[in-house]
> 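Attaching a single structure in structure tokens format; questions to follow.
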Protein chains: 2
Amino acid sequence: MPVTRSDELATRLREVGLRVTGPRLAVLSVLAGRAHVDVETVRGAVHDRLGGVSTQAVYDVLRAFTVAGLVRRIEPAGRPALFETRTGDNHHHIVCRTCGTVSDIDCVVGAAPCLEPSSAPPGFLVDEAEVTFWGVCANCQSKNREGIDHL
Amino acid sequence: MPVTRSDELATRLREVGLRVTGPRLAVLSVLAGRAHVDVETVRGAVHDRLGGVSTQAVYDVLRAFTVAGLVRRIEPAGRPALFETRTGDNHHHIVCRTCGTVSDIDCVVGAAPCLEPSSAPPGFLVDEAEVTFWGVCANCQSKNREGIDHL
DNA sequence: CGGGTTTTCTGGAACGAGTCAAGAGAACAC
DNA sequence: GTGTTCTCTTGACTCGTTCCAGAAAACCCG
């Protein structure tokens, strides 16, 4: 059962001027249920729910959502893109170097761009400060300690 | 003529325990001459200098350099990876959304990770705070104004 | 300085993520 | 309903990057 009712999702779509279709409702519902999802996971979940979708449709839907501001696309270096429904608050992310898990970090400062560059090139118009924290999560740290003698 | 003398570059390689080879010297010299370089540019420049290199060699060399801490790899979302020789000072980057040009921004705070997450998951060991500023550079702003009636 | 070991480089195939293109098929406006 | 416009399907394709096997070069040691 979707976390959010389907007519509510449909309304959200119409509000931003997007047509309501099966794949779109399904994608939105999947995204509403989890914090950070990659394309393949979306495709899988939507496929199960609808009994088939093309990869292309998933990419198209996600792009439309991103342009409409319904979802935010994040792309940690070297990893496939992730999508999240938490938008507009310019929060940040913390990524585990080992397992790739991404968590949200509330913005230290208030509104976007939330940080000012100390010495931007003249005339540069900054609209966003993206902060990514990198490290190793508790889970991977303990796994690493266990597995150290297998190497 | 390279910005840095070739025996000096060779010394730098040996210092970090890397063998000295033609491709490595050439790559290091190319990187030393510019702030942010993508793989294709490196390959082109090295090819001209040496009369031929495989793409693979360039990737291998850059990976070895990155692991050794000789260069830093940055990967702005949706763009091919860039390499820079300025390492160890945890400075940040500002990227133009239109032309993709990357410039350095001095770190606001002192040492890495230079920013502390306000609410990291318990046990998470943060080692780096990566900050990327996004916007439009002066150049692209004026080009956009000129070209607006062609659209 | 020559021989053996280790590492690096070459060439070519392969991969994953993402995009492009043309047409069939739905959603909406009237 | 009907026509227009947008969306989805299928399938080929690009791009950045990696994997593989073998040839070649750099280093270490006697």
Side-chain angles (χ1 to χ4, degrees), chain A residues 6-7 9-28 30 36-47 49-68 70-71 73-83 100 102, chain B residues 6-7 9-28 30 36-47 49-68 70-71 73-83 100 102:
Chain A
S6 134
D7 53 344
L9 296 176
T11 306
R12 258 207 267 170
L13 286 176
R14 272 187 262 264
E15 273 171 5
V16 296
L18 291 174
R19 294 197 172 172
V20 178
T21 68
R24 286 183 174 177
L25 285 173
V27 168
L28 194 51
V30 170
H36 308 97
V37 209
D38 61 65
V39 176
E40 184 45 34
T41 304
V42 173
R43 205 202 53 74
V46 171
H47 184 100
R49 195 169 299 214
L50 257 45
V53 243
S54 66
T55 308
Q56 189 55 43
V58 176
Y59 275 102
D60 284 352
V61 168
L62 288 171
R63 165 132 19 109
F65 285 6
T66 306
V67 170
L70 225 48
V71 308
R73 177 192 177 117
I74 62 172
E75 213 170 320
R79 298 206 150 76
L82 298 171
F83 295 84
V102 176
Chain B
S6 135
D7 53 344
L9 297 176
T11 306
R12 258 208 267 171
L13 286 176
R14 272 188 262 263
E15 272 171 5
V16 295
L18 290 174
R19 293 196 172 172
V20 177
T21 69
R24 288 185 170 175
L25 284 173
V27 168
L28 194 52
V30 170
H36 307 98
V37 209
D38 61 65
V39 175
E40 183 44 33
T41 304
V42 173
R43 206 204 51 73
V46 171
H47 185 100
R49 194 169 302 212
L50 257 46
V53 241
S54 66
T55 307
Q56 189 53 46
V58 175
Y59 274 101
D60 284 352
V61 167
L62 288 172
R63 165 130 22 107
F65 284 6
T66 306
V67 171
L70 225 48
V71 307
R73 177 191 179 121
I74 61 172
E75 215 169 317
R79 298 207 150 76
L82 297 172
F83 295 84
V102 176

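None of the values given here were measured: they were computed from a predicted structure. Just so it is clear: chains get the letters A, B, ... in the order the sequence lines come, proteins before strands, and each one is counted from 1.
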> For B:L70 and B:L13, work out which heavy atoms get closest and say how close.
CD2-CD2, 3.8 Å

> To the nearest angstrom, how far is A:E40 atom CD from C:dC15 atom P?
16 Å

> Which atom pair, heavy atoms only, marks the closest approach of B:E75 to A:G78?
OE2-N, 2.9 Å

> Rounded to the nearest Å, what distance is computed from the CG atom of residue A:L25 to the P atom of nucleotide D:dC8?
10 Å

> Side chains of A:R79 and A:V102: does their closest heavy-atom pair fall under 4.5 Å?
no

> CG of B:L62 versus C1' of C:dT8: gap in Å, rounded?
14 Å

> Looking at residues at least two apart in the chain, or sitting in another chain, which of them share a side chain to side chain contact (heavy atoms under 4.5 Å, CB included) with B:D38?
B:E40, B:T41, B:L82

> May I have the distance from A:L13 (atom CG) to D:dC8 (atom P), rounded to whole angstrom?
10 Å

> Take nucleotides 9-16 of chain D nucleotide by nucleotide from the 5' end and write B, S or -, depending on whether a protein heavy atom sits under 4.0 Å from the base, only from the sugar-phosphate, or from neither.
BBB----S

> Figure out the CZ/P separation between B:R43 and C:dG11, and round it to whole Å.
12 Å

> Sequence neighbours left out, what passes side chain to side chain contact (heavy atoms under 4.5 Å, CB included) with A:R14? Give chain and number order.
A:A10, A:V20

> Applying side chain to side chain contact (heavy atoms under 4.5 Å, CB included), can you list everything that pairs with A:R19, at least two apart in sequence or on another chain?
A:R24

> Which atom names give the shortest non-hydrogen contact between B:A81 and B:R73, and what distance separates them?
CB-NH2, 3.5 Å

> What bend angle does the helix from C:dC1-D:dG30 to C:dC30-D:dG1 show across its length, from five-pair end axes and to the nearest 10 degrees?
40°

> Where do B:A26 and B:R49 come nearest, in terms of heavy atoms and distance?
CB-CD, 4.2 Å

> Under 3.5 Å, side-chain donor or acceptor atoms of residues 50-64 of chain A against the rest of the protein: list the pairs with distances, not counting sequence neighbours.
from  : atom 1 : to    : atom 2 : distance (Å)
A:S54 : OG     : A:A57 : N      : 3.1
A:Q56 : NE2    : A:D60 : OD1    : 3.0

> Any N/O pairs under 3.5 Å between the protein and nucleotides 24-30 of chain C? List them or say none.
from   : atom 1 : to    : atom 2 : distance (Å)
C:dA27 : N3     : A:R19 : NH1    : 3.3
C:dC28 : OP1    : A:R14 : NH1    : 3.2
C:dC28 : OP1    : A:V20 : N      : 3.3

> A side-chain contact here means heavy atoms from C-beta on lying under 4.5 Å apart; do B:F65 and B:V16 qualify?
no

> Which residues pass the side chain to side chain contact (heavy atoms under 4.5 Å, CB included) test with A:T11, sequence neighbours left out?
A:E15

